[in-house]
Amino acid sequence: MTTLVAVGAQWGDEGKGKLVDWLAPRAQYVVRFHGGNNAGHTLVVDGEQTVLHVVPAGVLNSSTVNLIGPGVVVDPGALLAELEALKQRGVLRDPSRVRLSGRAHVILSWHLALDMAREEAARDLAIGTTGRGIGPAYEDKVARRGIRVADLLDPAALRGAIDRLVKQKNFELVDYHQWQAVDADALYRQCVEWGRQLEPYVENTGHTLDRALREGKNVLFEGAQGTFLDIDHGTYPYVTSSNCVAGAVCAGAGIGPTRIDRVLGITKAYTTRVGGGPFPTEQTGVLGEKLREVGAEFGATTGRPRRCGWLDAVMLREAAMVNGFTGLAINKLDVLSGLDELRIATAYRVDGKLTHDFPMTLAEIERAEPIYESHPCWAEDITGCRQLEGLPEAARSYVKRVEALVGVPVEIISVGPGRDQTITCNDPFRSASE
Ligand code: GDP
Ligand code: IMO
Ligand code: MG
């Protein structure tokens, strides 16, 4: 048995979906444990692209069971649409390969409306959310008034919960934001219908997971977003509303910390961010545009252009510390091919003082000036490389340098979006079982 947690080391979109799909044949279970359909995880298999938002990225592997744990917030309409699209394509022939926790909280139309209304009202201070109602849904969960998936299967309880909540939601929407009111009757009917359609997928995923572990199965936990979007450890308030770090797997899936074997940190070979907030190594000029164009850096959920910049080893060291990485995956190395030089931030200067640690406050992160070291780049197209030895010398030395700066061994290198465009230095599942 091996349990592997795969999480983003930056601000999301590191290529988690690609790697989870690639690792999935070695795992019998893939588990989402936080976030919702703010995530957009892209898989490319035999040239065909699949973008997943809530369904775990093990779904293209026919022998993997995919669990959506209690820590996830689920928009039932979005989940059903995603499942339907997978069924239509013949990918999800056996619906029992997707299991949904009855304890997961649901995102309803008032959460979407509140997310958008608040962003609009915040103007210059807007977070730049994905507009999927994630923050308002987690707010209700923590305030102990949320509606959970299991409630959709209990019409009487559901009616009571919607009636209790609607006045307060419409008060904020209509009186405060001059937004349209939510119709409680229509929402109730919609929820009952969603409950009917979701019922075959619902179970206690915590028990399923426990059984899997006792049977000695390999389990892969799929992080969403990234370390610096984490509600506690990220660039608050420019973050998402869940814990994205590896530790969140325990509460969000229902697994004790003693049962986690390995943690794979996933990073791009450079850095991107979508939405507002500080980004010390951001490149707004020609280089930023080039990375965006070559790396096709447009959001998988909202289509927004991603902000691009150099790799930041200060951030990666912080991520390694907070998550306890046992290995690193470096994705999109191919995107750097042909640049004049490469840079890595190794430290920051904040108010004239040199620091090797990621600053504590937003104001300090905003004032941080990166200290760079320069690396030679390579001219060759590396998208066809499948072995470390096949990479140009400059690419290998860049990878080695990242490994040294972060203090974590590089286990996987990705050189293209395709499933097979992957170099394994050390298979995280195999090395754990040895
Ligand atoms: P996720 O949210 O972490 O799963 O990442 P996204 O899917 O949002 O964004 C990563 C993007 O990069 C997707 O379009 C992937 O198809 C693509 N991608 C992943 N790995 C590589 C790679 O090694 N090279 C290139 N060129 N593209 C990659
Ligand atoms: P994946 O899993 C990149 C960002 C949004 C915004 C902030 C808050 O594909 O890596 P939210 O809608 O969560 O309230 O938005 O978080 N964000 C992401 N950025 N990748 C994601 O997911 C993201 N999910 C949320 O852009 O800045
Ligand atoms: Mg993404």
Side-chain angles (χ1 to χ4, degrees), residues 6-22 32 34-45 47-54 56-57 72-73 75 107 111-112 114-116 118-119 126-139 222-231 234-242 244 266-270 272-279 291-307 329-337 381-383 385 412-423:
V7 289
Q10 298 167 311
W11 280 293
D13 302 327
E14 297 92 347
K16 299 176 291 293
K18 168 187 162 156
L19 283 190
V20 169
D21 168 68
W22 179 77
R32 275 282 307 267
H34 75 103
N37 59 325
N38 47 349
H41 295 178
T42 314
L43 287 47
V44 179
V45 181
E48 190 179 4
Q49 179 172 290
T50 306
V51 181
L52 298 169
H53 299 286
V54 207
V72 177
V73 285
D75 179 328
I107 303 173
H111 297 127
L112 294 159
L114 284 169
D115 194 356
M116 289 184 276
R118 289 176 190 172
E119 283 284 275
I127 288 163
T129 71
T130 59
R132 300 297 189 267
I134 304 297
Y138 275 116
E139 254 174 65
E222 175 185 357
Q225 291 82 55
T227 302
F228 293 89
L229 288 172
D230 179 282
I231 186 80
T235 48
Y236 190 90
Y238 297 96
V239 292
T240 191
S241 295
S242 66
C244 312
I266 305 175
T267 177
K268 280 177 184 165
Y270 49 98
T272 66
R273 163 162 219 173
V274 56
F279 180 171
L291 289 173
R292 187 173 313 118
E293 190 191 311
V294 179
E297 295 295 357
F298 294 89
T301 296
T302 58
R304 290 177 291 175
R306 293 175 183 149
R307 300 155 62 191
I330 301 185
N331 286 343
K332 304 191 87 159
L333 191 64
D334 55 299
V335 175
L336 300 180
S337 299
D381 175 356
I382 59 169
T383 55
C385 291
I412 303 168
I413 301 165
S414 174
V415 292
R419 184 190 264 172
D420 61 321
Q421 291 178 296
T422 312
I423 298 172

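From a predicted model like this one, the values you see are computed outputs, not experimental measurements. Just the heavy atoms: all of them, side chains too, but no hydrogens, waters or symmetry mates, feed the values below. Sequential numbering from 1 along the given sequence is applied to the chain's residues. Start at 1 and go down the list; that is how both ligands and their atoms are numbered.
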Short side-chain to backbone donor-acceptor contact, His41 and Pro56, under 3.5 Å: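 No: the side chain of His41 does not pair with the backbone of Pro56.
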Within the distance-only criterion (no hydrogens, no angle test), does the side chain of Lys16 pair as donor or acceptor with the backbone N or O of Val7 below 3.5 angstrom?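 Here the side-chain-to-backbone pair does not exist.
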Can you sort out which atoms of ligand 1 are near [X], meaning under 4.0 Å from one of its heavy atoms?
X      : result
His41  : 1 (P), 2 (O), 4 (O), 7 (O)
Ser414 : 20 (N), 21 (C), 22 (C), 23 (O)
Lys18  : 20 (N)
Val335 : 26 (N)

Report yes if some N/O of [X] lies less than 3.5 Å from some N/O of ligand 1; otherwise report no.
X      : result
Thr42  : yes
Ala300 : no
Gly12  : no

Short side-chain donor-acceptor distance under 3.5 Å, [Y] and [X]:
X      : Y      : result
Asp13  : Thr272 : no
Thr302 : Arg304 : yes
Arg273 : Thr235 : yes

Quick test: of every protein heavy atom, which one is nearest to [atom], and how far off is it to 0.1 Å?
atom                    : value
atom 16 (O) of ligand 1 : Pro417 CB, 3.4 Å
atom 6 (P) of ligand 1  : Gly40 O, 3.5 Å
atom 17 (C) of ligand 1 : Lys332 NZ, 3.9 Å
atom 4 (O) of ligand 1  : Gly17 N, 2.8 Å
atom 24 (N) of ligand 1 : Asp334 OD1, 2.8 Å

Do [X] and [Y] have side chains that approach each other closer than 4.5 Å (heavy atoms only, starting at C-beta)?
X      : Y      : answer
Leu52  : Asp21  : no
Cys244 : His34  : yes
Asn37  : Thr301 : no
Leu333 : Ile423 : no
Ile127 : Glu119 : yes
Ile412 : Thr422 : yes
Thr50  : Val45  : no
Thr240 : Thr129 : no

When you measure from the heavy atoms of Gly8 to every atom of ligand 1, does any distance fall below 4.0 Å?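 In this structure, Gly8 fails to qualify as a contact of ligand 1 - no heavy atom is under 4.0 Å.
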Residue-ligand contact Arg419/ligand 1, heavy atom below 4.0 Å: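 No heavy atom of Arg419 comes that close to ligand 1.
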Lys268 and side-chain hydrogen bond (donor to acceptor under 3.5 Å, both in side chains): which partner among Gln10, Glu297, Glu14?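 Filter result, single survivor: Glu297.
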Select one of side chain, backbone, both or neither to describe which atoms of [X] lie under 4.0 Å from any atom of ligand 1, heavy atoms only.
X      : answer
Asp13  : both
Val415 : backbone
Gln10  : neither

Among Gln421, Arg306, Lys268, which residue places a heavy atom closest to atom 9 (O) of ligand 1?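 Among Gln421, Arg306, Lys268, the closest heavy atom to atom 9 (O) of ligand 1 belongs to Arg306.
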Residue shell around ligand 2, heavy atom under 4.0 angstrom: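 For ligand 2, the residues that come within the 4.0 Å heavy-atom cutoff are Trp11, Gly12, Asp13, Lys16, Asn38, Ala39, Gly40, His41, Ile127, Gly128, Thr129, Thr130, Ala224, Gln225, Leu229, Val239, Thr240, Val274, Gly275, Arg304.
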Near the Mg ion (ligand 3), meaning under 2.8 Å, how many protein N/O/S atoms are there?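 Counting protein N, O and S atoms closer than 2.8 Å to the Mg ion (ligand 3) gives 2.
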Nearest heavy-atom neighbours spanning Gln225 and Ser242: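 Shortest heavy-atom separation between Gln225 and Ser242 comes out as OE1-OG, 4.2 Å.
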Contact summary for Arg32 and Glu222, nearest pair of heavy atoms: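 Heavy-atom minimum between the residues: CD-O, 3.5 Å.
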Could you please spell out the steps behind the side chain to side chain contact (heavy atoms under 4.5 Å, CB included) verdict for Ile107 and Ile134? CA-CA 7 Å; Ile107 303 173; Ile134 304 297; 3.8 Å; yes
Rounded at 0.5 Å granularity, tell me how far CG in Asp334 sits from CD1 in Ile413.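 Rounded to the nearest 0.5 Å, the CG-CD1 separation comes to 11.5 Å.
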